[in-house]
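Step one of this worksheet: look at the structure below.
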Amino acid sequence: MFRPGWRLTAFVGVFLPLFVTLGVWQLNRADQKTQLVARIEAGQASVKSLNRRTEPQPYQRYAVTGRLSTERVWLLDNRTHEGRVGYEVWAPLATDHGWYLVSLGWVSGTGDRQRLPEVELPDGERRWIGQSRPLSDSIVLGETPLADQWPQVVQRIQPQAMAERMQMPEPKGLLQLEAGQAGVGPVIWTPTVMSPERHQGYAVQWFAMTVVLLMMYGYAGWRRSDRGSTSTTGENE
């Protein structure tokens with residue numbers, strides 16, 4: 001007779017579905033990451049035209065014609081490149097269908113927090129190549145006080161607040177301009193995605209814990225039953 005006891009049964013009843021749910025969730029995450037990796041690779045493989053009929057898709061490379069604002073430059077603080085501390089340069093890019101907030105890569109700091117680096121951006125309208133960049137954990141909306149001087153140092157990219165500061169409507173999106181173009185320094189941003197294999201590994205761990213739990217439950221139940229049988233036999237003798 002299988003007699004695991006109500007305490008152990010209650011324990012298994014709580015944790016068994018939890019382990020199974022977490023394992024299935026990790027498998028779903030692995031599938032999502034597989035699709036995301038495929039989307040990133042596809043977006044990097046081709047360059048599409050960005051115009052008034054285009055809705056920017058994350059990680060897709062685009063060609064867009066516009067003019068950079070050389071006066072309203074934002075410096076995202078505490079960005080590192082090859083062990084050196086500096087800033088990530090951001091500026092508005094005006095087009096005939098709206099404007100985009102674009103990253104022009106990294107610039108080294110001066111070593112003096114009171115003296116900002118000189119940023120030289122090209123004048124005039126030109127064709128740019130950039131990748132649509134989603135808001136992420138490293139660039140999120142936040143309460144960063146904005147000053148009046150330019151260039152302006154910020155701790156976080158705040159598209160809405162920055163647009164209000166410049167008395168402009170919200171940008172149509174964020175673009176990471178590719179290195180090698182005029183005014184673009186080293187690009188320090190790259191899409192980072194946890195690999196599908198890592199999620200699959202986590203799923204295996206949860207399912208392994210499920211198997212161990214079931215084995216423990218079965219062993220404890222049958223062993224308790226054997227002890228009960230032995231005790232009963234001893235009393236009968």
Side-chain angles (χ1 to χ4, degrees), residues 1-46 48 55-62 76-83 85 88 101 103 106 130-144 155-160 173-176 186-232:
M1 184 180 296
F2 182 68
R3 297 187 299 176
W6 70 267
R7 291 185 178 85
L8 182 58
T9 299
F11 179 85
V12 173
V14 171
F15 286 95
L16 181 63
L18 176 63
F19 292 166
V20 172
T21 299
L22 289 172
V24 172
W25 177 69
Q26 287 292 348
L27 289 179
N28 290 334
R29 293 288 290 167
D31 184 60
Q32 294 171 5
K33 292 301 176 64
T34 299
Q35 297 177 29
L36 179 57
V37 169
R39 187 163 68 246
I40 292 174
E41 293 177 349
Q44 294 175 338
S46 62
K48 297 183 178 180
E55 182 69 26
Q57 299 300 313
Y59 310 111
Q60 175 63 50
R61 295 173 67 212
Y62 289 103
L76 182 60
D77 203 1
N78 297 317
R79 304 294 105 173
T80 60
H81 175 63
E82 296 181 346
V85 178
E88 187 177 12
L101 189 59
S103 168
W106 180 86
Q131 187 176 18
S132 178
R133 179 171 168 174
L135 280 173
S136 63
D137 292 340
S138 60
I139 44 174
V140 297
L141 300 180
E143 296 296 331
T144 303
Q155 301 301 317
R156 300 186 180 192
I157 294 300
Q158 310 167 81
Q160 182 177 358
L174 277 64
L175 295 177
Q176 173 64 63
V187 176
I188 59 174
W189 174 82
T190 55
T192 55
V193 179
M194 183 185 292
S195 68
E197 291 76 15
R198 192 166 183 178
H199 284 289
Q200 292 169 352
Y202 289 147
V204 169
Q205 292 178 7
W206 287 117
F207 289 138
M209 291 175 66
T210 302
V211 173
V212 170
L213 184 63
L214 288 173
M215 293 176 62
M216 178 189 71
Y217 185 58
Y219 175 77
W222 288 114
R223 185 175 183 182
R224 182 174 179 179
S225 176
D226 290 343
R227 286 180 176 177
S229 298
T230 303
S231 176
T232 302

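Hydrogens, waters and symmetry mates play no part in the numbers below; they use all other heavy atoms, side chains included.
The structure places CG of Leu101 at 13.0 Å from CD of Gln160, a figure rounded to the nearest 0.5 Å. Here the NE2-CH2 distance, from His199 to Trp25, works out to 7.0 Å after rounding to the nearest 0.5 Å. The CH2 atom of Trp206 sits 10.5 Å away from atom OG1 of Thr21, with the distance rounded to the nearest 0.5 Å. Atom CG in Leu213 sits 6.0 Å away from atom CZ in Phe19 (nearest 0.5 Å). Here the straight-line distance linking atom NZ of Lys33 with atom CG of Asp31 works out to 11.5 Å at 0.5 Å rounding.
Nearest approach of Trp189 to Ser132, heavy atoms of both residues: CH2-O, 4.5 Å. Pro191 and Gln131 get closest at one heavy-atom pair: CG-NE2, 4.1 Å. Smallest separation of non-hydrogen atoms from Met216 and Phe11: CE-CE2, 4.2 Å. The nearest pair of heavy atoms linking Tyr217 to Val12 is CD1-CG2, 3.5 Å. A pairwise comparison of heavy atoms in Ile188 and Trp106 identifies CG2-CB, 3.7 Å as the closest pair.
Side chains of Arg29 and Gln26: no donor on one and acceptor on the other come within 3.5 Å. In summary, the side chains of Gln32 and Asn28 do not present any donor paired with an acceptor at a separation below 3.5 Å, with no hydrogens or angles considered.
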Task: Verdict with supporting geometry, Gln200 and Val204, side chain to side chain contact (heavy atoms under 4.5 Å, CB included) - done: CA-CA 6 Å; Gln200 292 169 352; Val204 169; 5.6 Å; no
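Residues Gln176 and Glu88 meet the side-chain proximity criterion, which asks for heavy atoms closer than 4.5 Å. By the 4.5 Å heavy-atom criterion applied to side chains, Phe15 and Met209 are not counted as neighbours. Phe207 has its side chain within reach of Val24: a pair of non-hydrogen atoms, C-beta onward, lies under 4.5 Å apart.
Between the Tyr202 side chain and the Leu22 main chain, no donor and acceptor come within less than 3.5 Å of each other.
In Lys48, the NZ atom is not crowded: 12 or fewer heavy atoms of neighbouring residues, nucleotides or ligands sit closer than 6.0 Å.
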